[in-house]
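Residue numbers start from 1 in every chain, and the chains themselves are labelled A, B, ... in the order their sequence lines are given, proteins ahead of strands.
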2 protein chains.
Amino acid sequence: MNKKVSLKDIAQKVGVSTALVSYVLNDKRQNRVGKDLAKKIKKTATTLNYRPNQIAKSLKTNKTNTIGLIVADISNPFSSQIARAIEDEAEKNDYTVILGSSGENAEKSAKLINIFLERQVDGIIICPVENTQAQVRYLHKINIPFVLLDRYFPEVKANHVSVNNFGAAYMAVDHLIKQGYRNIGMIAYKTSLVHLQERTRGYIEALRNNKQSFKKSRLKELKMGCTQQEVEKAIDQLLKQPVDALFFTSNTLASCGIKYINKLHIQVPNDLGIVSFDETEAADLFYAPLTYIKQPIDEMGKQSLHILLDKISGKKKMITSNIDGELIVQRSSVLE
Amino acid sequence: MNKKVSLKDIAQKVGVSTALVSYVLNDKRQNRVGKDLAKKIKKTATTLNYRPNQIAKSLKTNKTNTIGLIVADISNPFSSQIARAIEDEAEKNDYTVILGSSGENAEKSAKLINIFLERQVDGIIICPVENTQAQVRYLHKINIPFVLLDRYFPEVKANHVSVNNFGAAYMAVDHLIKQGYRNIGMIAYKTSLVHLQERTRGYIEALRNNKQSFKKSRLKELKMGCTQQEVEKAIDQLLKQPVDALFFTSNTLASCGIKYINKLHIQVPNDLGIVSFDETEAADLFYAPLTYIKQPIDEMGKQSLHILLDKISGKKKMITSNIDGELIVQRSSVLE
DNA sequence: TTGAAAGCGCTAACAA
DNA sequence: TTGTTAGCGCTTTCAA
């Protein structure tokens with residue numbers, strides 16, 4: 001193993017103290033170091049191919065310039081895009097992110113938090129999963145900077161950035177109604193996660209405000225992580241009723257759904273209108289490209305990171321942000 | 001800020017030295033510590049909610065249990081899946097991974113390598129981009145454990161794991177021919193990356209071995225990162241010729257391609273057969289689900305990590321691994 | 001303008 | 001069986 005070169009090596013070679021080398025290489029108290037000496041030190045550093053040891057620096061400064069990110073399910077494009085947005089922004093601010101995926105599992109989430117804390121991350125961004133309120137409270141208690149992303153718990157005070165789920169869902173269903181659909185079904189999740197409940201609430205409110213009655217039988221609530229078969233069964237049950245449009249509460253459900261609708265040879269949009277919350281690559285490739293709610297992923301990533309950086313730099317005030325989604329209208333919801 | 005509790009705090013509370021506490025908490029020289037004392041130390045640790053500082057540990061042991069991973073383009077599902085596979089496997093082995101995306105850019109790649117080295121990662125896994133041979137040589141020179149993944153440079157000796165690109169491409173084209181397609185075009189990349197050249201070579205060889213002449217006009221080589229328009233133009237040029245099947249060299253190209261073919265209302269598979277190297281979610285949703293080469297992503301991730309761990313633990317021998325892809329036949333390439 | 005020295009939290013060689 | 005101590009590579013206070 002090549003011995004790594006340290007400040008000490010440079011100091012010895014130049015014949016000065018390590019302190020001075022540290023000052024020079026970090027451009028601190030610039031004016032108070034002899035120009036020639038400074039130049040010599042810098043030159044020696046490059047000659048020896050010096051690379052500062054961040055671990056040592058971190059130990060000393062108590063700052064790792066690292067943040068932890070926990071997404072709910074990295075195999076979902078929403079998660080990977082959010083991760084990417086945050087990483088891009090982190091890099092611009094000289095932070096490195098370590099990423100974990102909780103897989104919608106509370107224990108896994110706890111484990112990741114612990115790993116992050118042991119590694120002395122400066123802050124954490126979490127897309128929290130069900131039943132992790134205690135974890136959030138704990139983070140608050142130990143006073144580590146963190147922000148919740150995409151999801152939050154109304155009963156737990158915490159910085160968070162999320163989408164206006166209610167508004168976006170309302171917009172989607174309102175759009176379907178305005179297009180002339182009269183019997184709109186929804187495939188949603190049975191969950192304690194408020195951000196998802198909000199989507200369902202948006203659906204119901206949009207119906208009501210448009211003088212369409214909300215029928216319980218038209219709202220199918222599946223468990224998270226449900227199978228293709230379960231989605232198909234739900235669709236079967238909906239199609240037995242006079243349903244002429246479907247609103248999917250997530251990209252995963254929509255993706256399962258259109259695969260099935262494809263198989264059934266149902267005519268979209270004329271026999272069945274479709275809108276999906278969040279996108280899939282599939283959305284564009286379906287024979288009738290899907291109308292969907294575009295989530296402001298980049299904005300969410302950026303904002304969450306900047307709120308976190310604010311916290312890290314000591315800001316106390318709680319910050320929450322609620323960003324509007326956008327309805328992208330394509331063929332699947334426009335009667336011909 | 002809650003003061004973090006350290007070994008020292010525990011030592012003081014119990015009235016022993018930090019050394020002893022360290023031994024007990026790490027279960028070292030177990031038998032040689034008084035049972036009662038050990039119990040007391042452990043209890044105090046939990047009471048104080050002690051959490052070891054990995055940074056300090058790393059500085060001392062010169063081991064971070066962290067590996068760096070550089071993928072070529074995190075927005076591509078291939079990359080995110082590979083990242084996921086590696087992370088899963090890393091976690092099982094008590095490693096944390098820090099992830100970077102080079103965006104097919106050599107400078108970005110160099111920057112990431114530098115960040116990783118400064119952070120004292122124990123090893124690096126890289127999907128190298130064009131013109132980064134020097135970087136690979138440098139890693140070799142400074143003697144840091146690393147393995148190349150998915151791609152490699154024949155002229156640079158290095159551990160790597162990759163797919164049998166030639167074999168998989170051959171299999172794909174051979175399948176088309178066996179299905180009765182006679183005029184097969186290919187949309188490929190113009191690149192110095194050998195793993196992609198191998199796919200083109202597989203195409204040409206499969207034609208030759210089946211007594212079909214290879215026509216240069218049927219091989220379109222686009223630059224990496226090309227636009228939808230450029231793909232459409234290439235398809236236009238191919239369709240002017242008597243071409244009855246297309247082989248796409250990547251999921252991105254295939255995705256662009258089928259969007260266009262969808263628009264053109266071409267009948268797949270009867271008027272045009274299609275096979276894609278690597279998959280897209282889109283592949284299943286196209287009206288004629290796509291036949292594609294399934295890359296052994298999990299296996300690649302796993303193997304690369306284990307080779308890296310071997311290197312980290314001191315194994316010297318160079319290891320390379322070449323894994324076969326699998327042809328998943330769906331409707332898009334089967335004449336009816 | 002420069003340097004000495006303490007110390008971040010931990011491990012491990014050595015001593016008792 | 002238990003404890004002392006040096007030191008990982010760095011920053012920063014204080015002194016010269």
Side-chain donor/acceptor of Lys57(A) to base of dG9(D), under 3.5 Å: no

Separation of atom CD in Gln120(A) from atom P in dC10(D), rounded to whole Å: 19 Å

Report yes if a side-chain nitrogen or oxygen of Tyr23(A) is closer than 4.0 Å to either non-bridging phosphate oxygen (OP1 or OP2) of dC10(D); otherwise report no. no

Under 4.0 Å from OP1 or OP2 of dT11(D): is there any side-chain N or O of Ser22(A) that close? yes

Separation of atom CG in Leu59(B) from atom C1' in dG9(C), rounded to whole Å: 9 Å

Sugar-phosphate only, base, or nothing, as touched by Ile55(A) at under 4.0 Å among non-hydrogen atoms: nothing

So, does Asn26(A) get its side chain near the phosphate of dT11(D), meaning an N or O under 4.0 Å from OP1 or OP2? yes

Taking only Lys NZ, Arg NE, NH1 and NH2, and the carboxylate oxygens of Asp or Glu, determine whether Lys302(A) and Glu299(A) approach each other closer than 4.0 Å. no

Can you run down the salt bridge (Lys or Arg N to Asp or Glu O under 4.0 Å) pairs that involve residues 33-54 of chain A, sequence neighbours left out, and say none if there aren't any? Asp27(A)-Lys42(A)

Considering only NZ, NE, NH1 and NH2 on the basic side and carboxylate oxygens on the acidic side, decide whether Glu87(A) and Lys108(B) come within less than 4.0 Å. no

Whole-Å distance separating the CG atom of Asn62(A) from the P atom of dG9(D): 20 Å

Winner on side-chain proximity to Ser17(B), out of dG3(D), dT2(C), dC10(D), is dG3(D)

Asn53(B) has an atom CG; how far is it from atom C1' of dT11(C), in whole Å? 13 Å

Counting side-chain heavy atoms from C-beta on, which of dT11(D), dT2(D), dT11(C) comes nearest to Leu20(B)? dT2(D)

Could you check Cys127(A), Ser101(A), Ser102(A) and say which one makes a side-chain contact (heavy atoms from CB on, under 4.5 Å) with Ser109(A)? Ser102(A)

Between C1' of dG9(D) and CG of Leu25(A), the distance in whole Å: 13 Å

Check the distance between dG7(C)'s P and Lys4(B)'s NZ and give it to me in whole angstrom. 20 Å

Sequence neighbours excluded and cut-off under 3.5 Å, please list the side-chain donor-acceptor pairs for residues 78-85 of chain A, or say none.
from	atom 1	to	atom 2	distance (Å)
Ser79(A)	OG	Asp73(A)	O	2.9
Ser80(A)	OG	Pro77(A)	O	3.2

By nearest heavy atom, map Ala19(B) and Ala56(B) onto DNA chain C; which one lands nearer the 5' end? Ala56(B)

OH of Tyr50(A) versus C1' of dG9(D): gap in Å, rounded? 8 Å

Could you tell me the separation between the CG atom of Leu7(B) and the P atom of dG7(C), rounded to a whole number of Å? 18 Å

Assess whether one donor atom and one acceptor atom, taken from the side chain of Lys60(B) and the base of dG9(C), lie less than 3.5 Å apart. no

Report the residue (Val16(B) or Val5(A)) whose heavy-atom-nearest nucleotide on DNA chain D is the more 5′ of the two. Val16(B)

